[in-house]
Asks: 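Below are the structure tokens for one structure; questions will follow.
So you know, we letter chains A, B, ... as the sequences are listed, proteins then strands, and number each from 1. Just so we're clear, the structure is a prediction, and the values are computed from it rather than from any experiment.
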Amino acid sequence: MSIKVTLPDGSEKHFPGSISAYDVAKDISPRLADAAVCAELDGKLYDINTIIDHDVKAVFHTFSSAIGKEVYWHSTSHLMAQAVKQLFPDVLVTIGPAIDSGFYYDFDRDTNFTDEELVSIENKMKELVKADLPYLRTELSKQEASDLFAKMGETYKAELLAVIPDGDIISIYQQGDFVDLCRGPHLPSTGKIKAFKLLKSSGAYWRGDEKNKMLKRIYGISYPSNKELNEYLLFLEEAKKRDHRKIAKDLDLFSINDEVGPGLVLWHPNGAMIRHLVEAYWKEEHIRKGYKLVYTPHVGRANLWETSGHLGFYKDSMYAPMDIEGQDYYIKPMNCPFHLSIYNANLHSYRELPIKLAELGTVYRYERSGVLHGLMRVRGFTQDDAHIICTPDQLNEEVEKLITFSLNMLSHFGFEKFKIYLSTKPEKSVGEEEDWDKATASLRLAMDAQNLEYDVDYGGGAFYGPKIDIKIKDALGREWQCTTIQFDFNLPTRFDMTYVGADNAPHRPYVIHRAVLGSIERFFGTLIEYHSGNLPMWLCPTQIMVLPITDAQIEYANEINERLLLLGLRSEIDKRSEKIGYKIREAELKKIPFMCIVGKKEAENGQVALRQHTVGDLGVMSFDEAVLKLNEE
RNA sequence: GCUCAUGUAGCUCAGUCGGUAGAGCACCUCCUUGGUAAGGAGGAGGUCACCGGUUCAAAUCCGGUCAUGAGCUCCA
């Protein structure tokens, strides 16, 4: 019986009889066989030593593919669990999957793993790699598996088995003395794992539920070569350097003070200037697109929050009310009720729609203490909020405009890579099915019209409407939400919003709730990390530092500084009696884009020596030439 | 909120076995006036996060609180 194997490029390989996937790979190239971590046969993943006994389509995965990495990391997590069990036999194993970068394994143990223990686990892993133990797959019935893990005392595994349907075939993998319940596939043997590092240990709830026991998790990463591992570790180091909390300290941008309160941001002059520039640009662009700016209070009466429904569904994130003359007032967690109240203050005709009300609205939300993180997660923040009130007919056009507007604005700040998510109707929701369909369709339509790639989060929408989220990635590869475009089927009814239609009858408008930057605080943090603190010229609090070489040039330097200021450039002068090298060093460390260095020669000839941050000396030139160069940025 | 770790000068960090506080940078004063990433000398600066306990004696040991960090959980 001959076997036909079809490869991804359409080519076919014929073999006289049953053959292992490994041998097929070897037939293609010995290097592929060596590098292959698993085989995908007719769309299903198998161990590389699986025997092929019928015609199949085969794809071989190496570490370079996402699937390859997953298998590689998953096998490493088993290797780690084996080492842990050998060193600490009383520890119970739970689960240990691959993640976006690396893997983890959760153990039930009373104490946390110390750094020293991580090192000894690593050393044990090295021994097991040297032993080159094969990962052996065995299939058995659920009952057999239950008996096996019960005998081993691995109660968590038994719990996992309990939710698997009775008839299913269970697979276990064994390498050396270590057995784990696992779907697979795995590497052929531990010897394939060339370079690894255990990164950190922390707590994690069993099955991610905080009602359950806190387990001890170890995170790790592995690569087929030391070179790749070291590159990754270097990347982590570099990422640390760009952390917005560190850069903000160096550049004196903001602080969060224990006495003021956690999650509450103090914007220092440098940070405040950048924020001002961001906000000024934001306002200008919104006005240009037909938005109307509004301002609303920071607190509102309980009635308002009853009407909006926030006291019903958002109370956990709101702060306790304050009593004003016997009435409860709440500090706002959102701006919507105010914006909609502005709409309701007047009667509106269909001719006026869409109405777009925009505000940089500062809101306060309760966040659990453990989740606060620099500017990324705070308790008081400013949303670049707007509500678009439109007729159903205007929906498509408005959504399309919004997406273009958002992407343009984000790219103006230098961001290039986005991840877009569409979230659809959750189980519990308000609004008519028909409206949901229509709104969801218009979101899809708007993205398809621009050929945007997006992931769909089925059932991930808010209960009051579907949404589009645009996220940008920070230095550590984490995604942060910026733009959010959300339909609201809830508030128009709650606030009894209407407009007078062409038929002279009242109609219910659609409301789109949207933020482009999301939170100014978070956006600012992401902006800092993305640019490593080297902001584009237009966002720098100080754009030019004028540096006299000796005190004799202070007068001339003053003159240059004044002229730059008059041109609208944010210039400063460093008059201290320090050496020029010292003043340059400081300006470089403060990441100021340009320096105007003036000594005796420049003063005599009415020139300046221009120096650019990270680039270096640009040479001596006339003042006008220098201004020309500054304006190029 | 949970697990673990951490909290010493404005910043980065030392501080041994429990014996009364240290460095570098920054800051102030003086000297130096220089040509593209740190010139020199001197000075000031601390309720060792906070509260309590043990002790003749606590930055150090113990307990609690607060905050920060890495995760978990949750979200802009």
Side-chain angles (χ1 to χ4, degrees), chain A residues 104 106 109-115 199-219 240 243 245-246 249-250 252 255-263 314 316-317 333-334 361 363 365-385 462 469 471 476 480-484 486 513-523 525-526 547-554 576-590 595-602 609-620:
Chain A
Y104 67 77
D106 288 344
R109 187 196 192 206
D110 288 338
T111 55
N112 208 37
F113 290 98
T114 64
D115 289 347
L199 298 169
K200 60 196 168 202
S201 71
S202 69
Y205 299 108
W206 167 235
R207 300 187 140 177
D209 188 333
E210 62 187 335
K211 291 186 199 82
N212 289 341
K213 187 168 184 186
M214 177 71 73
L215 305 171
K216 306 297 181 290
R217 175 173 298 181
I218 303 176
Y219 285 92
K240 250 188 213 160
D243 189 312
R245 292 164 301 184
K246 179 178 162 39
K249 218 171 240 177
D250 294 344
D252 196 18
S255 62
I256 293 173
N257 175 316
D258 203 350
E259 197 180 354
V260 172
Y314 205 71
D316 288 349
S317 298
M334 291 189 194
V363 297
R365 297 181 187 173
Y366 168 68
E367 293 285 350
R368 303 210 280 179
S369 58
V371 306
L372 300 175
H373 179 90
L375 290 179
M376 302 307 205
R377 272 298 277 283
V378 289
R379 286 182 173 156
F381 61 99
T382 300
Q383 284 186 305
D384 67 317
D385 210 353
D469 293 324
K471 301 186 181 188
L476 289 155
W480 290 104
Q481 181 159 321
C482 287
T483 302
T484 182
Q486 310 186 348
H513 170 112
R514 49 114 282 188
V516 175
L517 309 180
S519 125
I520 299 292
E521 282 73 6
R522 175 179 295 178
F523 181 74
T526 319
L547 306 177
I549 288 179
T550 75
D551 291 354
Q553 288 88 44
I554 286 180
R576 294 172 306 170
S577 300
E578 295 290 350
K579 283 186 153 182
I580 194 64
Y582 181 86
K583 294 198 240 187
I584 286 170
R585 179 181 152 81
E586 268 197 7
E588 287 284 352
L589 290 175
K590 283 184 187 159
M595 284 161 247
C596 257
I597 296 161
V598 293
K600 199 175 167 198
K601 280 181 287 183
E602 287 80 10
L610 202 60
R611 182 190 164 99
Q612 188 170 5
H613 173 53
T614 68
V615 176
D617 193 3
L618 300 181
V620 177

Asks: Strictly below 4.0 Å: does A/K200 bring a side-chain N or O up to OP1 or OP2 of B/G71?
Replies: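 Checking B/G71 against A/K200, a side-chain N or O does come within under 4.0 Å of OP1 or OP2.
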Asks: Can you tell me how far P in B/A5 sits from the matching atom in B/U12, rounded to whole Å?
Replies: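 B/A5 and B/U12 have their P atoms separated by 22 Å.
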Asks: Can you see which heavy atom on A/P262 is nearest to which on A/I256, and at what distance?
Replies: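 For A/P262 and A/I256, the tightest heavy-atom pair comes out as CA-CG2, 4.5 Å.
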Asks: Remember a base hit wins even if backbone is also touched, and classify A/Y104 as base, sugar-phosphate or nothing at under 4.0 Å, heavy atoms.
Replies: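 No contact.
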Asks: What contact category does A/E367 fall into here, base, sugar-phosphate, or nothing, at under 4.0 angstrom with non-hydrogen atoms?
Replies: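 The residue A/E367 makes base contact.
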Asks: For atom C1', what is the distance between B/C61 and B/U16, given to the nearest Å?
Replies: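 The same atom, C1', in both gives a distance of 15 Å.
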Asks: Select base, sugar-phosphate, or nothing to describe what A/R514 touches, counting heavy atoms under 4.0 Å on all strands.
Replies: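 Touches nothing.
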Asks: Under 4.0 Å between any heavy atoms, over every strand shown, what does A/G581 touch: base, sugar-phosphate, or nothing? Just pick one.
Replies: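 Sugar-phosphate only.
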Asks: Under 4.0 angstrom, heavy atoms only, what part of the nucleic acid is A/A587 near: base, sugar-phosphate, or nothing?
Replies: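 The answer is nothing, as A/A587 stays clear of every strand by at least 4.0 Å.
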Asks: Which nucleotide, in any strand shown, forms a Watson-Crick or G-U wobble pair with B/C48, with both distances under 3.5 Å?
Replies: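 Paired with B/C48, as far as the under-3.5 Å criterion goes, is no nucleotide at all.
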Asks: Starting at atom CE of A/M214, determine the distance to atom P of B/G1, rounded to an integer number of angstrom.
Replies: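 It is 13 Å, rounded to the nearest whole Å.
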Asks: Contact class for A/V378 (heavy atom, under 4.0 Å): base, sugar-phosphate, or nothing?
Replies: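 Since a base atom lies under 4.0 Å of A/V378, the category is base.
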Asks: Partner of B/U73 by Watson-Crick or G-U wobble geometry, both contacts under 3.5 Å, or none?
Replies: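 By the stated definition (distances under 3.5 Å), nothing pairs with B/U73.
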Asks: Within the pair A/K249 and B/U12, is there a side-chain N or O less than 4.0 Å away from OP1 or OP2?
Replies: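 True: A/K249 side-chain N/O within range (under 4.0 Å) of B/U12 OP1/OP2.
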Asks: So, A/Y582 and B/G39: ring centres less than 5.5 Å apart, planes less than 30° off, yes or no?
Replies: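 By the stated criterion, A/Y582 and B/G39 do not stack.
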Asks: Students often get this wrong, so: under 4.0 angstrom with heavy atoms, is A/D258 touching a base, only sugar-phosphate, or nothing?
Replies: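 Sugar-phosphate: the residue A/D258, judged by heavy atoms under 4.0 Å, touches backbone atoms but no base.
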Asks: What does A/E521 touch in the nucleic acid at a heavy-atom separation under 4.0 angstrom: a base, only the sugar-phosphate, or nothing?
Replies: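 Since no nucleic acid heavy atom lies under 4.0 Å of A/E521, the category is nothing.
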Asks: Just checking A/I584: base, sugar-phosphate only, or nothing, at a heavy-atom cut-off of under 4.0 Å?
Replies: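 Counting heavy atoms under 4.0 Å across all strands, the contact made by A/I584 includes a base.
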Asks: Classify the nucleic acid contact of A/K583 as base, sugar-phosphate or nothing, counting any heavy atom under 4.0 Å across all strands shown.
Replies: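 Result for A/K583 = nothing.
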Asks: What interatomic distance, in whole Å, is found between C1' of B/U20 and the corresponding atom of B/C11?
Replies: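 Per the computed distance, 26 Å lies between those C1' atoms.
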Asks: Whole Å only: how far is the CG atom of A/L589 from the P atom of B/A26?
Replies: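 Atom-to-atom, A/L589 to B/A26, this comes out as 10 Å.
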Asks: Whole angstroms only, please: what is the CG-P distance between A/N212 and B/C2?
Replies: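 It is 16 Å, rounded to the nearest whole Å.
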Asks: Among A/Q612, A/R611, A/M595, which residue satisfies the side-chain contact (heavy atoms from CB on, under 4.5 Å) criterion with A/L618?
Replies: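 Running side-chain contact (heavy atoms from CB on, under 4.5 Å) over A/Q612, A/R611, A/M595 with A/L618 returns exactly one hit, A/Q612.
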Asks: Looking at A/H373, does any N or O in its side chain come under 4.0 Å of the phosphate oxygens OP1/OP2 on B/A70?
Replies: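 For B/A70, OP1 or OP2 has a side-chain N or O of A/H373 closer than 4.0 Å.
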Asks: On a whole-Å scale, what distance lies between the P atoms belonging to B/A41 and B/A23?
Replies: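 It comes out at 14 Å once rounded to the nearest Å.
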Asks: I want to confirm an ordering. Mapping A/S577 and A/F113 to their closest nucleotides on RNA chain B, which one lands closer to the 5' end?
Replies: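 Residue closer to the 5' terminus by nearest nucleotide: A/F113.
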Asks: Across all strands, who's sitting opposite B/U68 as a Watson-Crick or G-U wobble pair, both distances under 3.5 Å?
Replies: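 By the stated definition (distances under 3.5 Å), B/A5 pairs with B/U68.
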Asks: Check every strand shown and say whether A/E259 touches a base, only sugar-phosphate, or nothing at a heavy-atom separation below 4.0 Å.
Replies: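 Answer is nothing: A/E259 stays at 4.0 Å or more from every strand.
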Asks: Compare side-chain N and O positions of A/R217 against OP1 and OP2 of B/A70 and report whether any pair is under 4.0 Å apart.
Replies: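 False: A/R217 side-chain N/O out of range (4.0 Å or more) of B/A70 OP1/OP2.
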Asks: Would you measure the distance from the C1' atom in B/C28 across to the matching atom in B/G10 and give it in whole Å?
Replies: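 The answer is 14 Å between these two C1' atoms.
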Asks: In Watson-Crick or G-U wobble terms, both distances under 3.5 Å, what is the partner of B/G18?
Replies: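 Pairing partner: none.
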Asks: If pairing requires Watson-Crick or G-U wobble contacts with both distances under 3.5 Å, which nucleotide is the partner of B/A41?
Replies: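 WC or wobble partner is B/U29.
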Asks: Reckon A/G208 touches a base, only the sugar-phosphate, or nothing at all at heavy-atom distances under 4.0 Å?
Replies: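 Answer is sugar-phosphate: A/G208 comes under 4.0 Å of backbone atoms only.
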Asks: In whole Å, what separates the P atom of B/G64 from that of B/U60?
Replies: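 Roughly 15 Å separates the two P atoms.
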Asks: Roughly how far apart, to the nearest Å, are B/C74 and B/A58 at atom P?
Replies: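 Straight-line distance between the two P atoms is 47 Å.
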Asks: If you draw a 6.0 Å radius around CG in A/D316, do more than 12 non-hydrogen atoms from other residues or ligands fall strictly inside?
Replies: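 Open.
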Asks: What nucleic acid atoms does A/E588 come within less than 4.0 Å of, heavy atoms only: base, sugar-phosphate, or nothing?
Replies: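 Answer is base: heavy atoms of A/E588 come under 4.0 Å of a base.
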Asks: I need the CG-C1' distance between A/D617 and B/A37, as an integer number of Å.
Replies: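 The distance from CG of A/D617 to C1' of B/A37 comes to 13 Å, rounded to the nearest Å.
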Asks: How far, in whole Å, is B/C27 from B/U36 if one measures between their P atoms?
Replies: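 It works out to 22 Å between them.
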Asks: Using a cut-off of strictly less than 4.0 Å, decide whether A/R245 has a side-chain nitrogen or oxygen near OP1 or OP2 of B/A70.
Replies: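 Checking A/R245 against B/A70: at least one side-chain N or O falls below 4.0 Å of OP1 or OP2.
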Asks: Expressed as a whole number of angstroms, how long is the span from A/K246:NZ to B/G69:C1'?
Replies: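 It works out to 15 Å between those atoms.
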Asks: Please name the nucleotide paired to B/G24 by Watson-Crick or G-U wobble geometry with both distances under 3.5 Å, or report none.
Replies: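 With both distances under 3.5 Å, B/G24 matches B/C11.
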Asks: Is a donor-acceptor pair below 3.5 Å formed from side chain A/R377 to base B/C75, judging by atom type as modelled?
Replies: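 Side chain to base: pair found, below 3.5 Å.
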